[in-house]
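Notes to accompany the following structure.
In this chain, numbering begins with 1 at the start of the sequence shown. Atoms within each ligand, like the ligands themselves, are counted from 1 in listed order.
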Amino acid sequence: MNVFVINSGSSSIKYQLISMPDAKVICSGMVDRIGLEGSKVKYKAFLERGVVKKSNSRPIPGHAEGLKTVAALLTDPEVGVINDPNQVHVVGHRVVHGGEDFSQTQLITEEVKAKIKELFPLAPLHNPANYLGIEVAEKIFSAAKQVAVFDTAFHQSMPPVAFRMAIPNEYYEKHGIRAYGFHGTSHKYVSEKASEYLGRKDTKIITIHLGNGCSMAAVKDGLCIDTTMGLGPMNGLIMGTRVGDVDQSVIFYLVNQLGYSLDEVNTVLNKKSGMLGLTGFSDMRDIGERYNAGEKTAILAYQMYTYHIRKFIGSYAAILNGLDAIVFTAGVGENDALTRRLVCEDMDFLGILLDSEKNYLEASGMREISTGNSPVKVLVIPTNEELEIARQCFSLLDSVD
Ligand SMILES: Nc1ncnc2c1ncn2[C@@H]1O[C@H](COP(=O)(O)OP(=O)(O)O)[C@@H](O)[C@H]1O
Ligand SMILES: CC(=O)OP(=O)(O)O
Ligand SMILES: [Mg+2]
């Protein structure tokens with residue numbers, strides 16, 4: 001079964017064509033910096049004649065354009081891996097918000113699509129791109145089964161004490177207003193890898209997913225017990241363009257004193273805040289350069305970004321009643337040693353001892369970056385949401401067939 005996985009993030013599309021159940025990657029790649037200057041399409045094909053890589057920089061204004069470019073590469077006469085789109089049997093879509101209706105992987109029907117659309121207001125940077133991905137893929141891969149794997153699924157194990165909010169009960173009971181949590185596929189994948197690495201199932205792990213969107217999860221014995229994102233993927237940590245936790249009074253002030261409409265408030269908090277609001281840049285590579293050049297705004301932004309992560313490490317260690325490992329993952333977590341250093345500084349009271357040399361070592365793949373005597377392991381684990389999505393698609397369709 002050839003599964004083409006589409007992972008649309010807010011700033012990128014990652015994709016892999018994977019043959020299941022052997023989990024062999026046929027090709028993979030990403031479209032990076034969508035809608036920003038310097039967009040890039042990367043493609044890597046594992047052909048019989050060897051590995052072929054292709055990369056080109058050109059403007060990619062939106063997700064639809066990005067996906068069409070990728071589909072053309074798959075069937076390209078020179079570097080393509082299939083002759084015909086019908087050789088894709090399943091398209092696995094990452095869908096960010098599944099709401100109360102979807103806690104499991106779903107075969108996509110018109111009804112499922114309508115529900116994904118209903119959830120646009122709760123995940124405005126994601127569900128529209130995910131929906132568009134489904135519509136484009138239905139046209140290009142018309143013979144394939146389309147499957148949705150939800151970011152919210154892994155967090156369904158949270159207890160009410162974590163997911164309920166102290167607002168009148170009826171808002172939860174009638175309208176499903178509660179914390180859902182996101183990046184679940186990634187938190188699941190890396191926490192399982194960390195448990196394997198520790199060689200035990202009874203583990204207390206904090207997973208820190210730092211991409212354009214950022215979130216953390218407290219994972220006990222393989223189950224999520226709390227996470228930083230809530231009803232939508234805007235709160236919790238400071239992100240590329242999203243504010244993270246903010247005093248609610250700010251919203252009333254913007255509306256009542258500055259005359260903003262609620263749509264405008266939403267745009268400010270979702271698209272103009274976070275690292276972009278603090279520095280003028282949303283990409284950590286741009287901000288890192290400025291930090292190293294000693295720019296004050298970049299330094300403060302880095303300090304704030306990592307300060308909030310540190311606060312959540314403290315609170316999650318408390319609710320886990322201990323800690324075996326913290327895991328850094330996603331674009332920033334996997335690549336940005338400065339972020340990891342600032343997060344782990346002065347955390348020895350919690351048993352977190354970072355090995356600064358290992359932290360700065362250029363490496364890819366899973367690695368331990370804590371000192372040999374650190375009571376808590378600090379791990380960098382590259383996430384693989386695509387592989388996890390392919391597994392979920394296979395297990396759904398295998399059980400249906
Ligand atoms: N080498 C790097 N150093 C620092 N940050 C990086 C590096 N590579 C990628 N990033 C950061 O990763 C972010 C994208 O992460 P990613 O997980 O791909 O995001 P998303 O899935 O949310 O689009 C970029 O915005 C950039 O800030
Ligand atoms: C949910 C979310 O924030 O996703 P991403 O990090 O891919 O933007
Ligand atoms: Mg992502």
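- Under a 4.0 Å N-O distance rule, the pair E388/K188 qualifies as a salt bridge.
- Under a cut-off of 6.0 angstrom, the local environment of CD in E357 is sparse, with at most 12 non-hydrogen atoms contributed by other residues, nucleotides or ligands.
- Some N or O of G331 is nearer than 3.5 Å to an N or O of ligand 1, by distance alone.
- For Y171, the OH atom sits in a loose shell: 12 or fewer heavy atoms of surrounding residues, nucleotides or ligands are nearer than 6.0 Å.
- Here the protein heavy atom with the shortest distance to atom 1 (N) of ligand 1 is N335 CB, 3.4 Å.
- Heavy atoms of M239 stay at 4.0 angstrom or farther from ligand 2.
- Here's the thing with M30: none of its N/O atoms is less than 3.5 angstrom from an N/O atom of ligand 1.
- The aromatic rings of H97 and F182 stand perpendicular to each other, their planes meeting at an angle above 60°, with 30° marking the opposite boundary.
- Interface of A330 with ligand 1, defined as ligand atoms under 4.0 Å from a residue heavy atom, comprises 17 (O).
- The environment of NZ in K358 is crowded: more than 12 heavy-atom neighbours from other residues, nucleotides or ligands sit within 6.0 Å.
- Against a heavy-atom cut-off of under 4.0 Å, R242 is close to the following atoms of ligand 2: 2 (C), 3 (O), 8 (O).
- Checked by distance only, ligand 1 and S12 come closer than 3.5 Å through their nitrogen or oxygen atoms.
- Among protein heavy atoms, atom 9 (C) of ligand 1 sits closest to R285 CZ, 3.6 Å.
- Listed by number with element, the atoms of ligand 1 under 4.0 Å from a non-hydrogen atom of G211 are 15 (O), 16 (P), 17 (O), 19 (O).
- Under a 4.0 Å criterion applied to the non-hydrogen atoms of H183, ligand 2 contributes the atoms 1 (C), 2 (C), 3 (O), 4 (O), 5 (P), 6 (O).
- Which parts of ligand 2 touch F182 is read off a 4.0 Å heavy-atom cut-off, strictly below it: atoms 1 (C).
- Proximity of E385 to ligand 2, defined as any heavy-atom pair under 4.0 Å, is not found for any part of the residue.
- No side-chain donor-acceptor contact under 3.5 Å links D286 to the backbone of F281.
- Classification of the Y43-Y15 ring pair by plane angle, with boundaries at 30° and 60°, yields parallel.
- Heavy-atom contacts of H126 reach the following atoms of ligand 2: 1 (C), 2 (C), 3 (O), 4 (O), 5 (P), 8 (O) (cutoff under 4.0 Å).
- Some N or O of D283 is nearer than 3.5 Å to an N or O of ligand 1, by distance alone.
- Aromatic ring orientation, Y305 versus Y302: perpendicular (interplanar angle above 60°, classes split at 30° and 60°).
- Within the structure, ligand 2 has R94 among the residues with a heavy atom less than 4.0 angstrom away.
- Closest to atom 16 (P) of ligand 1 among all protein heavy atoms lies K14 NZ, 3.4 Å.
- In terms of N/O distances under 3.5 Å, ligand 1 is approached by N212.
- The protein heavy atom nearest to atom 27 (O) of ligand 1 is M284 N, 2.5 Å.
- Here R33 does not pair with E37 in a salt bridge; the nearest charged N to carboxylate O distance is not below 4.0 Å.
- Residue contact check for ligand 1: G240 places no non-hydrogen atom closer than 4.0 Å to it.
- Ligand 1 places these atoms under 4.0 Å from at least one heavy atom of V332: 11 (C), 12 (O), 27 (O).
- Below 30°, between 30° and 60°, or above 60°: for H209 and H183 the angle between ring planes is below 30°, a parallel geometry.
- Close approach of ligand 2 to M229 is summarised as follows: ligand atoms under 4.0 Å from at least one heavy atom of the residue are 3 (O).
- Counting atoms of ligand 1 from 1 in the listed order, those under 4.0 Å from a heavy atom of G213 are 22 (O).
- Ion pair K113/E135 flagged as a salt bridge, since at least one NZ, NE, NH1 or NH2 atom sits closer than 4.0 Å to an Asp/Glu carboxylate oxygen.
- A salt bridge between D324 and R200 is present, with a side-chain N of the basic residue lying under 4.0 Å from a carboxylate O of the acidic one.
- The one candidate from C224, S191, S215 that meets the side chain to side chain contact (heavy atoms under 4.5 Å, CB included) condition with T207 is S191.
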